[in-house]
Amino acid sequence: MATIPQLSVTEIRDIETKVLAKLGSIRKSGRIIREEVLSILEEEATLLKYPIEDDELCAFVCKKQDKLFVYINTHIPKEKQIFAAAHELYHIWFDQDRLNQSEMLKSNTLENETEDINELRANLFAAMFLVPKEILINQLESLGIEKHRLKIEDIVKLMPIFLVPYKTVVRRLHEIDYISDRQLKEFLAVPDRDPNKGVLLYRKILQLNDSSQERTQEMFFEGLVENSIKLFENGQIDEKKLSYLLSLIHKSPSDFGLTSQEFTDEDWEAIMEDYDGDD
């Protein structure tokens, strides 16, 4: 059985206040954030995205020489990448002590299976940030999902709208008093990783082909391309070193029009004509 968050009413209200204040300050109030959270994160830290074949490893944030770095594992489903990004934003904005640590954010922590109260705060912040109460209520009304008659397939329909994991939607429904404590426990007990039953089975039945379950395998090192090309153009690195740096994101100098050009037949003819002229 999944662990139920143990935050006090005061703590929950404090997190909600922080969410509303931040959404207002970045002019995102009344919006569904989805992938925009990654752009917001880039404004706060150097973002590194790279696939590591470990479903339990999600992300981490750390500070080195007064510069912030955030890593997101792009091997995990996109919905978890989005939630992990919002989770790390909490640490950046409200948890300065955490920034001096480089502990990996694990999948079980994202699912509230942790005794670390600060991680629970970060999870709640991420959930409220990505699934605002008023927008969630509007979506429930729009889809005709009735209170106290809610089914698993209704929750599954909400997942791609906000691009968040199944358990995040379940907890948000409980937090806005749309489902009872009993329903919360029942819905959290539904398998969400087995392709042949539970959440993933309902996704197939409903033919939801959104990108939330994609493992993007994306590679992104903020500033890598720009800085590498600048060094090359300034003569500080040669083409071989440029090729190596760009290979980290599966690119090559030719992708940016920087590779040495091969001679064409016309080029060789022109060169030979020059030699003939010298004779």
Side-chain angles (χ1 to χ4, degrees), residues 2 4-5 7 9 11-41 77-87 89-90 93 110-112 120-188 190 192 198-200 202-214:
I4 308 301
L7 295 176
V9 173
E11 287 175 311
I12 292 172
R13 287 175 179 168
D14 177 62
I15 295 297
E16 187 172 26
T17 299
K18 286 181 167 63
V19 169
L20 293 174
K22 269 300 175 184
L23 287 172
S25 68
I26 61 176
R27 299 182 180 180
K28 301 294 182 183
S29 297
R31 298 264 301 275
I32 298 178
I33 302 297
R34 293 173 58 92
E35 295 99 330
E36 281 190 77
V37 70
L38 296 171
S39 298
I40 297 169
L41 194 55
K78 194 170 185 180
E79 60 187 20
K80 282 196 170 185
Q81 296 178 39
I82 298 301
F83 192 87
H87 176 106
L89 274 175
Y90 173 84
W93 285 334
L110 282 186
E111 295 183 0
N112 282 2
L120 295 179
R121 293 190 186 105
N123 281 349
L124 179 59
F125 177 89
M128 290 181 169
F129 191 78
L130 296 170
V131 190
K133 178 179 179 179
E134 296 304 321
I135 297 179
L136 176 55
I137 291 173
N138 289 339
Q139 290 297 325
L140 288 165
E141 294 176 352
S142 176
L143 293 172
I145 300 174
E146 298 180 19
K147 190 175 183 179
H148 306 306
R149 298 183 64 180
L150 185 134
K151 303 181 292 295
I152 296 174
E153 51 263 47
D154 296 324
I155 300 173
V156 172
K157 289 178 184 177
L158 290 165
M159 291 168 59
I161 294 174
F162 296 96
L163 198 52
V164 294
Y166 168 79
K167 291 180 180 178
T168 300
V169 178
V170 172
R171 290 195 174 92
R172 288 300 288 138
L173 290 169
H174 182 256
E175 288 157 5
I176 68 170
D177 296 322
Y178 216 80
I179 60 175
S180 65
D181 292 346
R182 177 186 59 79
Q183 288 175 300
L184 172 66
K185 293 178 181 179
E186 290 176 354
F187 284 131
L188 288 179
V190 174
D192 61 346
V199 175
L200 297 184
Y202 276 106
R203 291 181 61 82
K204 293 178 183 178
I205 294 173
L206 295 170
Q207 295 184 297
L208 295 176
N209 297 316
D210 63 283
S211 63
S212 64
Q213 295 298 302
E214 288 181 359

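Every value quoted in this text rests on a predicted model; they were computed, and no experiment measured them.
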- Task: Can you sort out the partners of F187 under ring pair (Phe, Tyr, Trp, His ring centres under 6.0 Å), two or more places apart, ordered by chain and number?
- Result: none

- Query: Should the ring pair F125 and Y90 be called parallel, tilted or perpendicular, given that the plane angle runs from 0 to 90° and is split at 30 and 60?
  - Reply: tilted

- Message: I want to check something: taking the side chain as every heavy atom from C-beta on, are I33 and I40 in contact at a cut-off of under 4.5 Å?
- Response: yes

- Message: Could you report the tightest heavy-atom contact between D154 and R149, atom names first, then the distance?
- Response: OD2-O, 4.1 Å

- Task: Only counting residues at least two apart or in another chain, list the ones meeting side-chain hydrogen bond (donor to acceptor under 3.5 Å, both in side chains) with D181.
- Result: H174

- Worked verdict on L140 versus I176 for side chain to side chain contact (heavy atoms under 4.5 Å, CB included): CA-CA 12 Å; L140 288 165; I176 68 170; 4.3 Å; yes

- One should read off an interatomic distance between K167 NZ and K80 NZ, to the nearest 0.5 angstrom, of 8.0 Å

- Item | Pairs satisfying salt bridge (charged side-chain N to carboxylate O under 4.0 Å, His left out), at least one member in residues 120-141, at least two apart | E11-R121

- For Y178 against I145, the heavy-atom pair lying closest together: OH-O, 2.8 Å

- Note on the structure: Interatomic distance, CD1@I155 vs CZ@R172, rounded to 0.5 Å, equals 13.5 Å

- Mind checking side-chain hydrogen bond (donor to acceptor under 3.5 Å, both in side chains) for Q139 and listing every partner two or more places apart, or none if nothing turns up? none

- Message: What verdict does the side chain to side chain contact (heavy atoms under 4.5 Å, CB included) test give for L143 and L158, after you've listed the backbone C-alpha separation in whole Å, the side-chain angles of each residue and the deciding distance to 0.1 Å?
- Response: CA-CA 9 Å; L143 293 172; L158 290 165; 3.8 Å; yes

- Query: Within a strict 4.5 Å, meaning less than it, do heavy atoms of the V199 and M159 side chains meet?
  - Reply: yes

- Between F162 and I82, does a side chain to side chain contact (heavy atoms under 4.5 Å, CB included) hold up when you go through it step by step? CA-CA 10 Å; F162 296 96; I82 298 301; over 6 Å; no

- Task: State, to 0.1 Å, how close V170 and I179 come at their nearest heavy-atom pair, and which atoms those are.
- Result: O-CD1, 3.6 Å

- Item | Minimal non-hydrogen separation, T168 against V131, with atom names | CG2-CG2, 4.3 Å

- Query: Do you know the tightest heavy-atom contact between H87 and A122?
  - Reply: CE1-CB, 3.3 Å

- Message: Using only atom types and a distance under 3.5 Å, with no angle test, would you say the side chain of R203 pairs donor to acceptor with the backbone of G198?
- Response: no

- Note on the structure: To the nearest 0.5 Å, atom CG of N112 lies from atom CG of N123 at 4.5 Å

- Query: Measuring from K151:NZ to E146:CD, what's the distance to the nearest 0.5 Å?
  - Reply: 8.5 Å

- Query: Does the R171 side chain pair with the main chain of E111, one donor and one acceptor, at a distance under 3.5 Å?
  - Reply: yes

- Item | Where at least one partner belongs to residues 12-23, residue pairs that pass salt bridge (charged side-chain N to carboxylate O under 4.0 Å, His left out), sequence neighbours excluded | D14-K18

- When rounded to the nearest 0.5 angstrom, what is the spacing between CD in Q81 and CG in L38? 7.5 Å

- Message: Less than 4.5 Å apart, side chain to side chain, heavy atoms only: is that true for E175 and L124?
- Response: yes

- Query: S39: what forms a side-chain contact (heavy atoms from CB on, under 4.5 Å) with it, not counting sequence neighbours?
  - Reply: none

- Please round to the nearest 0.5 Å and tell me the distance separating atom CZ of F129 and atom CH2 of W93. 4.0 Å

- Message: Would you say that I135 contacts I161 through its side chain, given a criterion of any heavy-atom pair below 4.5 Å between the two side chains?
- Response: no

- Item | Nearest non-hydrogen partners of E153 and L206, listed with the distance | O-CD1, 3.7 Å

- Message: Please determine whether side chain to side chain contact (heavy atoms under 4.5 Å, CB included) holds for the pair L173 and L136, giving the CA-CA distance in whole Å, both sets of side-chain angles, and the decisive distance to 0.1 Å.
- Response: CA-CA 8 Å; L173 290 169; L136 176 55; 4.2 Å; yes

